[in-house]
K.L.:
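Mind looking over this structure? Questions follow.
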Amino acid sequence: MPDSLNRMVITPELNYDQLTIPEATLIQQQLRGHLNLEPLQKGIQTIAGADISLALYSETVYAGLVVLSYPELQPISYSLVKSSTIFPYVPGYLAFREIPAILKAYEQLPVKPDVVMFDGNGILHGRRMGIASHFGVLTGAVTMGCAKKKLAGQYGEPGASKGEYTHVTDKGEVIGYAVRTKDHVKPVFISPGHKMSLEDSLTLALKCTGKHRLPEPTRHAHEYVNRFRIGALAEGYYEVERWRLF
DNA sequence: GCGACAG
DNA sequence: ATCTTGTCGC
């Protein structure tokens with residue numbers, strides 16, 4: 001890999017805007033060699049959801065992470081950062097468009113979450129390097145993906161009840177799951193990103209599922225960045241206020 | 001060439 | 001993803 005591209009992979013101040021698709025593909029192939037899909041190594045006490053919101057035809061992106069307590073799933077802190085991107089949305093290369101902004105929000109967190117769940121895929125990707133895996137390898141964080149639509153592979157329709165799931169396979173290997181998180185609602189696509197196993201991602205996704213289709217981490221993240229974009233929340237790091245009865 | 005195609 | 005209005009259901 002050319003040195004110029006290698007710097008793009010390890011530099012804290014990422015700038016993917018000038019990359020061509022062939023160069024981005026090379027970076028994904030390089031990062032793939034550092035993937036770790038072994039089982040979780042420690043207990044989980046916090047899990048964050050990461051997402052971005054943007055206005056149509058605008059290069060401004062509103063990124064954020066919402067950290068939840070686990071297994072209670074109550075928001076305890078959040079980080080919001082306004083940034084910009086010109087890298088277009090290209091299926092299979094979402095990471096190059098969203099990671100720079102999400103990384104800034106992540107760096108703004110004084111205490112990192114035990115797991116980060118992305119609105120997108122982990123290894124459920126043609127080159128096994130979706131945004132969750134890309135971010136994980138880049139930062140060393142434990143990550144997983146939860147997409148609302150299938151990006152790659154084949155799968156059978158899971159049963160209609162909440163909790164039922166099927167394998168998503170590609171080229172003979174299981175790369176994720178189609179999970180029914182709510183009765184009679186379209187399934188979501190779950191896959192490990194980094195530092196967790198396929199089974200870990202499925203277990204965590206189900207434990208993070210409440211009364212909505214989307215798991216609590218990404219559901220809250222989506223809600224927060226949208227409120228940030230419309231001006232209801234300001235950029236910065238905050239700890240959620242709570243009314244305690246003792 | 002044709003169909004698929006995260007956000 | 002975002003743009004949009006109403007509508008059906010818990």
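So you know, we letter chains A, B, ... as the sequences are listed, proteins then strands, and number each from 1.
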K.L.:
Under 4.0 Å, counting only non-hydrogen atoms across every strand here, what does A:S58 touch: a base, just sugar-phosphate, or nothing?
P.N.:
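Counting heavy atoms under 4.0 Å across all strands, no contact is made by A:S58.
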K.L.:
Defining pairs by Watson-Crick or G-U wobble geometry with both distances under 3.5 Å, how would you list the stems of DNA chain C with at least three pairs each?
P.N.:
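Stem list for DNA chain C: empty.
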K.L.:
Which is true for A:L54 with a 4.0 Å heavy-atom rule: it touches a base, it touches only sugar-phosphate, or it touches nothing?
P.N.:
sugar-phosphate
K.L.:
Under a 3.5 Å cutoff, is there a donor and acceptor pairing between the side chains of A:E59 and A:Y57?
P.N.:
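No pair is found: no donor N or O on one side chain lies under 3.5 Å from an acceptor on the other.
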K.L.:
In whole Å, what is the span from the CZ atom of A:F189 to the C1' atom of B:dA4?
P.N.:
13 Å
K.L.:
Nearest-Å distance, CD1 (A:I52) to P (B:dA6)?
P.N.:
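Computing the A:I52:CD1 to B:dA6:P distance gives 14 Å.
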K.L.:
Which part of the nucleic acid, if any, lies within reach of A:G145 when heavy atoms closer than 4.0 Å are counted: base, sugar-phosphate only, or nothing?
P.N.:
nothing
K.L.:
For A:D183, report the nucleic acid contact type (base, sugar-phosphate, nothing); a contact means any heavy atom under 4.0 Å.
P.N.:
nothing
K.L.:
Please work out if A:D119 contacts a base, only the sugar-phosphate, or nothing of the nucleic acid, heavy-atom cut-off 4.0 Å.
P.N.:
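Sugar-phosphate, no base atom in range.
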K.L.:
Rounded to whole Å, please give me the gap between CD1 in A:I99 and P in B:dG7.
P.N.:
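In whole Å, B:dG7 P lies 15 Å from A:I99 CD1.
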K.L.:
Under 4.0 Å, heavy atoms only, any strand: does A:H184 hit a base, just the sugar-phosphate, or nothing?
P.N.:
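It contacts nothing in the nucleic acid.
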K.L.:
What is the separation between atom NE2 on A:H212 and atom C1' on C:dG9, rounded to the nearest whole Å?
P.N.:
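Checked: the NE2 to C1' distance equals 14 Å.
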K.L.:
Check each residue of residues 148-181 of chain A for a non-hydrogen atom within less than 4.0 Å of any atom in DNA chain B, then write out the ones that pass by number, or none.
P.N.:
A:K148, A:K149, A:K150, A:L151
K.L.:
Starting at CZ of A:R97 and ending at P of B:dC5, how long is that distance when rounded to a whole Å?
P.N.:
20 Å
K.L.:
Just call it for A:F96: base, sugar-phosphate, or nothing, with non-hydrogen atoms closer than 4.0 Å on any strand.
P.N.:
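No contact.
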K.L.:
Output yes when A:E157 and A:R180 qualify as a salt bridge under the 4.0 Å nitrogen-oxygen rule, no when they do not.
P.N.:
yes
K.L.:
Round to a whole Å and report the spacing from CG of A:L94 to C1' of B:dA6.
P.N.:
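Interatomic distance, CG of A:L94 to C1' of B:dA6: 6 Å.
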K.L.:
Compare side-chain N and O positions of A:N226 against OP1 and OP2 of C:dT2 and report whether any pair is under 4.0 Å apart.
P.N.:
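For C:dT2, OP1 or OP2 has a side-chain N or O of A:N226 closer than 4.0 Å.
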K.L.:
Send over the distance from A:M117 CE to B:dA6 C1', rounded to a whole Å.
P.N.:
15 Å
K.L.:
On the 0 to 90° scale, with breaks at 30° and 60°, tag the A:F96-A:H134 ring pair as parallel, tilted or perpendicular.
P.N.:
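Judged by the thresholds at 30° and 60°, the geometry between A:F96 and A:H134 is perpendicular.
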K.L.:
Does a side-chain N or O from A:Y89 land closer than 4.0 Å to OP1 or OP2 of B:dA6, or not?
P.N.:
yes
